[in-house]
Amino acid sequence: MRDEPYRWIEAIQDRRDYIEDELRLGSPVVGVTYDEGMMLLTLSKGQRKIFEVHDRIALSAIGHPADIERLRMLVTDTASVQGFQNATEDINLHRLTNYTLAPAFKQAFESIVGEAYIIKMLLAELGSTSGKNQFTGINFDGIVRTDPSFAVIGGTETIETGMQKYLTATKTDADRDLTTAFQLALETWAIGKELSSREPEEAESEDTQLETKQIYQIIDTAREEGEIEAGVLEASQQGTSKFRLLTSQEIEEALK
Amino acid sequence: MHYNGDFLNLSGAGHQELAPHGGINHKGDFLDLLRYAKYPLKIELPPETARHGADVEIAHSTTVVAVLYRDGVMIAGDRRATAGTSVIYDRAEKVLQIDRHSALAISGSPAIAYEIARILEHSFQYFRRSQLQELSLEGKLRMLSRLIRENLSMALQGIGGVIPIFALYDLNADDDGNGGKIFFYDALGAHFENVDFATTGSGSIWIRGVLRYLSRFGETALHEMDQRQAAIAILRLLDIASEYDAATSGYNAKVKIFPTLKTVTRTGVNTVSDDDLAAWYAEAQPNVEE
């Protein structure tokens, strides 16, 4: 097939459509910073979706659970071995993304006879004293996007754009506390959820302005089937590992 | 493509992908992962360097001690590192934090001991990260057993023996109970739980009897002591050990080098500060002029 360029491009396009279709209904993930670190938030149904990769790196993804697991283990194993062979300070998200994850994503996507990874990944790295916080999104085709202050992944680009709009419009200052960050992330998640439930054509044309009341209705409905999951990388954590999941108690408190 | 910037692996030996295509069996075992990445876990020695079995004496020039006190475990060690009759270093850290609720005190070959502590720390983290749960207390003890056993050939050759004391806090203990636990290992990796105290290293023979005395007949039993009382008892014990054992250092007043004391309690592992040590040392040795 490779000696017929047109058919190869067509096959890639088909694959892109297929993967995007599979991802469309995935529960979005929101990443925001707060005064003591960074947070990843989503709503999950049974399966955990926010993970600790290394001392200062957390991961979340949407897609097929088996693909998420496989790629999560790839990056966790790589970071663990390198952190042991060198020093944990030598682990950084830039290298893990560019030398380990992105090539694996791209290779799977373009090997049109092999299986595709149905996945979009969002990673967060808590900056050391000299470095900066960084969110990194990796698309199923291996395209990487980074941002120091916020990031979202959703089923389609339209969903993501809608969520980003909400985030930038409501963005309180970067010094927000944990509770404010939690609420902002949750509201942004609800926007994404709403957009993913609309038909693709509607999602693009319609206004994404929602009343706060509507937003919390969406959240309440979603909580009947799933659970809010939030993980933080917190600079004030004792010891070298900075990751922890918020407890259900903390989540209930923040929802009040 | 798996490029980790490791010059030693440029030949290609460690260049396999780790998980997705390699398909290694996933049970959260960090040693398996290191073997897969071609990390040399053992130092291979030519057989002619092996000493005769009967001559073997595991060198463990130091004194480390752990006692169960009211809040958990206090674990401590002197700071001297020796080679033969020479003092090599007087600021060695022999008590190492492994995770939030465990610490290891080492006696024996420092190179191997530090490596064991490091593998242990990374193993616990790797298990938690890959399996999404903490390794159980028993799992942690077994891991240390495996590492000591893996090191057996070095121990038998008399150059790399390690005998540690492992102190943990069991968070599953009742709220009002004491979750502190002390484990002692032999050179083959068997572990034994010590209820009240444990001590190892060349200086330990001088203080084991004292520990027994304190635990059994002391004015305040060891397990009823508060942090200050336990620290004073330990400072005195280490002082006795340094009196009789050349490989154990005492408190060096000239440069203020104190023994290392850590507490392992419900709130985690904490290092006793130099200020506290200075105050308690003055109480422990009322007749010593600073």
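By a heavy-atom distance cut of under 4.5 Å, A/Gln237, A/Gln238 are the residues of residues 229-239 of chain A near chain B, going up by number.
Taking the side chain as every heavy atom from C-beta outward, B/His122 and A/Ser80 never approach each other to under 4.5 Å.
The line from CD of A/Gln47 to CG of B/Leu132 is 10.0 Å long, rounded to the nearest 0.5 Å.
Counting non-hydrogen atoms of neighbouring residues, nucleotides and ligands closer than 6.0 angstrom, the CD atom of A/Glu252 exceeds 12 such neighbours. Within 6.0 Å of the NZ atom in A/Lys242, the count of heavy atoms belonging to other residues, nucleotides or ligands exceeds 12. Other residues, nucleotides and ligands contribute at most 12 non-hydrogen atoms within 6.0 Å of the CD atom of A/Glu157. Counting non-hydrogen atoms of other residues, nucleotides and ligands closer than 6.0 Å to CZ of A/Arg48 gives a total above 12. Annotation for A/Glu227: atom CD does not count as buried by contact number, only 12 or fewer foreign heavy atoms lying within 6.0 Å.
Taking the centre of each ring, A/Phe84 and B/Tyr126 stay at or above the 6.0 Å mark.
The existence of a salt bridge linking A/Asp55 and B/Arg129 is confirmed by a sub-4.0 Å separation between a basic side-chain nitrogen and an acidic carboxylate oxygen.
Heavy atoms of A/Val53 lying under 4.5 Å from chain B belong exclusively to its backbone. For B/Ser123, no part sits under 4.5 Å from any heavy atom of chain A, backbone or side chain. B/Gln97 does not touch chain A: none of its heavy atoms, backbone or side chain, sits under 4.5 Å away.
The two residues A/Asn86 and B/Arg118 come nearest to each other via the heavy atoms O-NH2, 2.8 Å. Taking both residues in full, the closest heavy atoms of A/Ser241 and B/Arg128 are given as OG-NH2, 3.3 Å, listed atom of the first, atom of the second, then distance.
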